[in-house]
Amino acid sequence: MITVEGVTRKYGHFTAVDDVSFTAQEGRVTGFLGPNGAGKSTTMRVMVGLTKATSGNVTISGRHYVDLPNPGLEVGVLLDASAQHAGRTGREILTIAQQYMGLPRSRVEEMLEVVSLTPAESSRRVGNYSLGMRQRLGIATALIGDPEVLILDEPANGLDPAGIRWMRDLLRGYADRGGTVLLSSHLLHEIEVIADDIVMIGNGRIVSQGTKTELLHAAGTVVRATDTAALQGALEELGITATLSEDGVLRTDVDPALVGKVALESGVALTELRAADAGLEDMFLELTATSQRDGDLT
Amino acid sequence: MSAVTADNARTSAAVVARVPLTRVIQVELRKMFDTRSGFWLIASIAISAVLTAGGVILWAPDGELTYSTFATAIRFPVVIILPLIAILAVTSEWSQRTGLTTFTLIPHRSRIITAKAISSVLIAIAAMVLTFAVGGLGNLLGAAVTGTTPVWDVTTTQVLYYVLGMILSLLVGFMLGVLIRSSTGAIVAYFILTFALPTVFGLLATGQQWFHDLQPWVDIQFAQSGLFVFEQALTGEQWANIAVTAIIWLFLPMAVGLAFVTRAEVK
């Protein structure tokens, strides 16, 4: 389990991470979602001690990262797949990790197999790798010590669709066996598909967090009716705000069962009634609108 | 321990042994050899030693074909290459960004720096053994070519002086790597410190009498020059000169560099 408590990181007057608190639970995949420059990577570097927090505290299974005697065996970390010496081969980079951790040599070949890097590929220098291959190598480095906690920064970057599918299955299986997975992404769809819990960050602050189902449920209801105006009126009489969009769709925050009941009582025939399938994307854009770069222009 | 369930795996983690320093040193040594550039940099010590020995045999006057001539000549390429090895061992963690992995696997950065210092010194000692061996072979070969008896005019004490001098040069490079953490910057600083500064100090000493007396206490190259001349034992004052200049030019900046390294953000 990863516990982040009130972490703040300032650079002069600029606050990159502002009072961030959340936990990543065992047996669950926690998605750390935010636009570029929101403070995801800084928060993750603070977790593993590469960046000192101005204030606040992070513990991993109850201990500070720097106090772990052999961190690679307890926490698998991938912060930047490109941060490797271009002149080393993929196998050599894994071997270095294996030796720091004091693992048997056979682990290197095992991990190369897990991440599907062929012997020919692993004998090539990393300078010649595609980003997708570097990500696979980085994931192999994170997994080689068989840790209980994974911290992965944008691991899906550069993977092809099959690679993304592979990684999703890998992390799902990892969490199902009781592991803690924290992964960051600005690829909303990826997070939506894989994460159990979601922490959304914008401008260094957490804007929303909860389980995926909770967050999706909060999206409300979408309804179409033969007489939308009548339904809107009936809803508003009950104090329920409903907004009518140009395409004749009525949106409201309450759940579909209540809207259906109101429609029945007011005698309006419904043509469509469903839970708003806004997806995280809409919510993400909405929640982070103020912290979006595009938003800064207005 | 292998039979523990996922639940008490966490408690077993508490008894995981700390990564021993010897293992970190081994890995750091491996990292100095495992790239093409690193390998050839180290190989260039052997190559340049052999080339220099060959040059001495070909061009040195017959009367000067002694062991000390070989050892002195081979020193020049080696004293440039060794500090480069030490500099790059440190700076590559930043310039190649491998520190992101290294300092995550070994979070106490001072342990990595210590391991790198020890592995650099080990390389220096190996390079010295090689230098003396090549010098010895060159001396035998030179004597055979000229048909004279080989002259072994270097004592064990002088050999130890020489090794100490080389290790101090290497550590100055290492210090610059720690202090500057950029390959280019540290290499340029090393050349300024080793070649430009002594010239300036030399000119100053010739022109200004007050500095002439001060020079042995501030000029690290001047203070250490006695280690490489194969002439006489150093006096107590010369040792004091070496100690004082090493404190000024090596240990103080190293302390500053270490403080930066342990605090700085790794990105």
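A note on names: the letters A, B, ... follow the listed sequences, proteins ahead of strands, and every chain is numbered from 1. The structure presented is a predicted model; accordingly, all values stated were derived computationally and were not measured. Keep in mind that the numbers below use all heavy atoms, side chains included, and drop hydrogens, waters and symmetry copies.
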Engineer: Would you kindly say whether A:Y11 and B:E265 are connected by a side-chain donor-acceptor distance under 3.5 Å?
Structural biologist: yes
Engineer: Which region of B:Q26, side chain (C-beta onward) or backbone (N, CA, C, O), has a non-hydrogen atom less than 4.5 Å from a non-hydrogen atom of chain A, or is it both or neither?
Structural biologist: neither
Engineer: Name the member of B:T101, B:V27, B:I106, B:L100 that forms the most heavy-atom pairs with chain A at distances under 4.5 Å.
Structural biologist: B:V27
Engineer: Check each atom of B:I25 against the heavy atoms of chain A and say whether the ones under 4.5 Å are side chain, backbone, both or neither.
Structural biologist: neither
Engineer: Please output the residues of residues 84-110 of chain A in contact with chain B, using a heavy-atom cutoff of under 4.5 Å, in numerical order.
Structural biologist: A:Q84, A:H85, A:A86, A:G87, A:R88, A:E92, A:T95, A:I96, A:A97, A:Q99, A:Y100, A:M101, A:G102, A:R105
Engineer: Under the criterion side chain to side chain donor-acceptor pair (under 3.5 Å), which of A:N36, A:D80, A:D153, A:T51 is the partner of A:S41?
Structural biologist: A:D153
Engineer: Do the non-hydrogen side-chain atoms of B:I180 and B:S182 ever get within less than 4.5 Å of each other?
Structural biologist: yes
Engineer: Do you know which of B:R18, B:K267, B:R30 has the most heavy-atom pairs under 4.5 Å to chain A?
Structural biologist: B:R30
Engineer: In Å, rounded to the nearest 0.5 Å, how long is the span from CG of A:D19 to OG of A:S55?
Structural biologist: 7.5 Å
Engineer: Out of curiosity, B:M128 CE to B:I123 CD1, how far, rounded to the nearest 0.5 Å?
Structural biologist: 11.5 Å
Engineer: At a heavy-atom distance under 4.5 Å, which candidate from B:K31, B:R109, B:E28 has the highest pair count against chain A?
Structural biologist: B:K31
Engineer: So which residue, A:V66, A:V48, A:T42, ends up with the most heavy-atom pairs under 4.5 Å with chain B?
Structural biologist: A:V66
Engineer: Side chain from CB out, backbone as N, CA, C, O: work out which of these in B:R36 comes under 4.5 Å of a heavy atom of chain A, or both, or neither.
Structural biologist: both
Engineer: Can you tell me how far apart CD1 (B:I45) and CG (B:L84) are? Round to the nearest 0.5 Å.
Structural biologist: 9.5 Å
Engineer: Can you classify the ring geometry of B:F228 versus B:Y162 as parallel (below 30°), tilted (30 to 60°) or perpendicular (above 60°)?
Structural biologist: perpendicular
Engineer: At a heavy-atom separation under 4.5 Å, does A:V77 approach chain B through its side chain, its backbone, both, or neither?
Structural biologist: side chain
Engineer: For a quick check under 3.5 Å, do A:E190 and A:S185 share a side-chain donor-acceptor pair by atom type?
Structural biologist: no
Engineer: Would you say the side-chain atoms of A:T180 and A:E26 include a donor-acceptor pair closer than 3.5 Å?
Structural biologist: no
Engineer: A side-chain contact here means heavy atoms from C-beta on lying under 4.5 Å apart; do A:V114 and A:M111 qualify?
Structural biologist: yes
